[in-house]
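Data block below; observations after.
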Amino acid sequence: MTGYLLRRTLGLFGTLFVVSLIVFLTMNVLPGDPATAILGIDASEEARATLRAELGLDRPVWQRYGDWVLGVVQGDFGTSYFFRVPVSELIVERVPLTLSLALMGMMATVILGITLGILAASNQGKPGDWAIMLMSQVGIAVPAFWLSILLVLFFAVHLRWLPPGGFPGWDEPWLAFRSLILPATALTLVQSAVLARVTRSSALEVMRLDFVRTARAKGLSRGRVLRNHILPNALIPVVTIIGLQVAGVVTGTIVIENVFYLPGLGRLVFQSIANRDLFTVQALVVLFAAIVVIANFIVDIVYVMIDPRLQDRLK
Amino acid sequence: MRRAAVNLWIGATLVGLLTIIALLSLVWTPHDHTLLSISNRFQDPSVTHPLGTDQLGRDVVSLLMTASINSLTVAFAAVGIGGLIGTGMGLVASARGGWTEAALMRICDLGFAFPAILFAIMLAAAFGPSLGNAILAIAFINIPIFARVTRGAANQIWAREFVMAARATGRSGWGITWQHILPNIAPILIVQATIEFAVAILAEAALSYLGLGAQPPMPSWGRMLSEAQTLMYIAPELAIYPGLCIVLAVLGFGLLGDGLRDLTDPRLVRSRK
């Protein structure tokens, strides 16, 4: 297990390194001059040259990349060209909102997805199963941003129960929570549709195995067999999907924050594109990609930890 | 088996309808979708405008029809480009094996670190937002998906007796790949492409909604939704139609893909009963 952990950790850092390289090269080396992008094509050559010097763009690429990576490792993402403050400050201000949204979405997804999946599997072939599967089939096809608009139309415009968007700040926790309910719901419904399907098919697969029949035959109740025998085995593949969904939810916040005008990291990305604030975009893309990579890494580790059979194979 | 057939038929019908409507929009729409008429804005459904008009007096049906060809083109181009490159990588990995295979698969793992939206954001920041960049971003995420599926399927075929026989006769790796491997994994690739089509339509809609895809005046379901969102108190119905189109299109390709997979993979048919 230790050897495996070590190998995977090395792999993680390798991946993060290459990811940072890809992002940096896309933003800096491909044709397209950041100075022109910021100032527009009408700017004079002098103005562009000054800005290039100010941004440090007149130095060789490898040197800029080295400086940037060294900075990032120390938590310094450079200075935002538009806001004129360190990018790390912009990020730290916005992390609580995006993190809360992602956590709310993820928790609801896990609870809803697994419950519906198990319900469908234990009622296989009956109307309940059929209804859940139909809902999830449609749920997968619904774009999260359209679902958000529908939720706003119904709960904010029509019923006036919840705010249609915006964020009041953390000073009033209850209002803050209220303004995150619709965004988190939009994130959740689509993801739990996926999770319910995976849970159902995984549970059905396990239910057919011999040890389940044996457990039933020795007189255990349906509920106990489900809890003690089916669930632990059925949830192993589900963990993989949940890991992928962490990535889905985190990148989903980018879209959802823009639908609901929430001042989080996802909204900052778009403001930065509009403002031609390349350093900020660069930092955020690396940050989001790193979250995706690390989520996958954790899933791989957890996967081995919860399945003792895999540990034996690794020895 | 019955459920697979139902999926297949609903999916095929939806995809067929969508294709017909999209092709029809090339030669005919009820009105010119670029025709602005401020005096006619926010009209209720009528005989001349079956779904009414939008905030600029444009006919909604005509806009939706024209947007469908946009969606299909993006999906076709993106899945086509990504599918070709990915399949090529998968075939090479499988045919060469050894470190080539290991290296190519590691590159694919990297691809999974970039969801389409991140890649599109990067391209938009570097080159400005455009439909071409959206296509590139969606194509990019298809490469590792197709590479993995192709390699997995091709490796199974390489282990079969008839391939070993072909190798024993001294045929080259490329000859075998072209003549035996590709035709045998084609059904799997077609199924995958159908499913990725659904994903691509969804991705295009999201990117266009965010302003990273189709640019005005090109009609796109995603962009129609972002415009409608600002008019929710005046004309909520404008926020309904484009979303329904996206759902039906995605559902169509998704069901068609599921149905085709059940047809081509007997193991799945049994487990679904």
Side-chain angles (χ1 to χ4, degrees), chain A residues 11 14-16 18-19 22-23 26-28 30-32 34 37 125 133 137-138 140-150 152-153 156-158 164 201 204-205 208 244 247-248 250-252 254-255 258-259 269-270 272-274 276-278 280-282 284-285 288-290 292-293 296, chain B residues 3 7 10 106-107 109-129 198-199 201-207 209-212 221-222 225-226 228-229 232-233 236-237 239-240 242-255 258 268 271-273:
Chain A
T15 311
L16 287 177
V18 181
V19 163
I22 294 174
V23 175
T26 312
M27 307 276 285
N28 289 274
L30 291 176
M133 280 305 100
Q137 183 84 53
V138 176
I140 290 171
V142 174
F145 64 92
W146 186 52
L147 184 65
S148 309
I149 295 177
L150 292 183
V152 170
L153 269 178
V157 177
H158 186 65
S201 63
L204 286 181
E205 205 108 313
R208 261 198 309 273
L244 292 176
V250 169
T251 49
I254 302 180
V255 182
N258 280 283
V259 182
V269 175
F270 278 86
S272 306
I273 294 177
R276 310 276 182 208
D277 196 347
L278 291 184
T280 313
V281 178
Q282 193 170 302
L284 288 170
V285 171
F288 277 114
V292 173
V293 173
N296 287 339
Chain B
R3 198 171 124 174
N7 278 354
I10 298 177
R106 288 303 300 159
I107 294 175
D109 288 346
L110 270 175
F112 286 111
F114 290 98
I117 180 159
L118 278 190
F119 203 71
I121 286 171
M122 228 157 52
L123 292 178
F127 307 111
V199 178
I201 289 177
L202 212 49
E204 187 275 337
L207 292 177
Y209 169 82
L210 292 169
L212 300 179
W221 294 331
L225 279 175
S226 74
Q229 200 191 347
M232 265 190 301
Y233 288 89
E237 69 281 359
I240 306 285
L244 275 180
C245 290
I246 300 171
V247 171
L248 288 177
V250 174
L251 204 57
F253 280 103
L255 288 174
D258 278 357
L268 278 171
S271 72
R272 281 207 171 183
K273 254 181 205 163

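FYI, side chains are in, hydrogens and waters are out, and symmetry mates aren't considered; it's all heavy atoms of this structure. Note on naming: letters A, B, ... go to the chains in the order of the sequence lines (proteins, then strands), and numbering restarts at 1 for each one.
A:Thr251 OG1 to B:Ile117 CD1: the interatomic distance, rounded to the nearest 0.5 Å, is 7.0 Å. For the atom pair CG of B:Leu255 and CD of A:Gln137, the computed distance is 4.5 Å after rounding to the nearest 0.5 Å. To the nearest 0.5 Å, atoms CH2 (A:Trp146) and OG (B:Ser226) are separated by 15.5 Å.
At a threshold of 4.5 Å between non-hydrogen side-chain atoms, the residues B:Leu210 and A:Phe145 do not count as touching. Residues B:Val247 and A:Pro143 form a side-chain contact, since some pair of their non-hydrogen atoms from C-beta on lies under 4.5 Å apart.
The side chain to side chain contact (heavy atoms under 4.5 Å, CB included) test applied to B:Leu248 returns B:Leu14, not counting sequence neighbours.
Proximity to chain A involves both the backbone and the side chain of B:Ile121, based on heavy atoms less than 4.5 angstrom apart. If you measure heavy-atom distances from B:Pro115 to chain A, the contacts under 4.5 Å come from the side chain alone. Only the side chain of A:Phe270 comes within contact range of chain B, with heavy atoms under 4.5 Å apart. There is no contact between B:Ala198 and chain A, counting heavy-atom distances below 4.5 Å. Proximity to chain A is absent for every atom of B:Ile201, based on heavy atoms less than 4.5 angstrom apart. If you measure heavy-atom distances from A:Leu147 to chain B, you find no contacts under 4.5 Å at all. For A:Val19, the parts sitting under 4.5 Å from any heavy atom of chain B are the backbone and the side chain alike. The contact between A:Val269 and chain B is made entirely by side chain atoms (from C-beta outward), counting heavy-atom distances below 4.5 Å. Heavy atoms of A:Ile273 lying under 4.5 Å from chain B belong exclusively to its side chain.
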(request) Please report the C-alpha distance between B:Leu202 and A:Val142 in whole Å, then the side-chain angles of each, then the deciding distance to 0.1 Å, and finally whether the side-chain contact (heavy atoms from CB on, under 4.5 Å) criterion is met. (result) CA-CA 8 Å; B:Leu202 212 49; A:Val142 174; over 6 Å; no
(request) Could you give me the CA-CA distance, side-chain angles and deciding distance for B:Asp109 and A:Thr15, then say whether side-chain contact (heavy atoms from CB on, under 4.5 Å) is met? (result) CA-CA 9 Å; B:Asp109 288 346; A:Thr15 311; over 6 Å; no
(request) Please report the C-alpha distance between A:Leu153 and B:Met232 in whole Å, then the side-chain angles of each, then the deciding distance to 0.1 Å, and finally whether the side-chain contact (heavy atoms from CB on, under 4.5 Å) criterion is met. (result) CA-CA 7 Å; A:Leu153 269 178; B:Met232 265 190 301; 3.8 Å; yes
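Of the possible donor and acceptor atoms, none in the side chain of B:Gln229 sits under 3.5 Å from a partner among the backbone N and O of A:Ile149.
Note on A:Leu150, A:Val293, A:Val157: by heavy-atom pairs under 4.5 Å with chain B, the leading option is A:Val157. Among B:Ala203, B:Gly254, B:Ala205, B:Pro129, the residue with the largest count of heavy-atom pairs under 4.5 Å with chain A is B:Ala205.
Nearest heavy-atom pair, B:Leu118 versus A:Val285, reported as atom, atom and distance to 0.1 Å: CD1-O, 4.0 Å.
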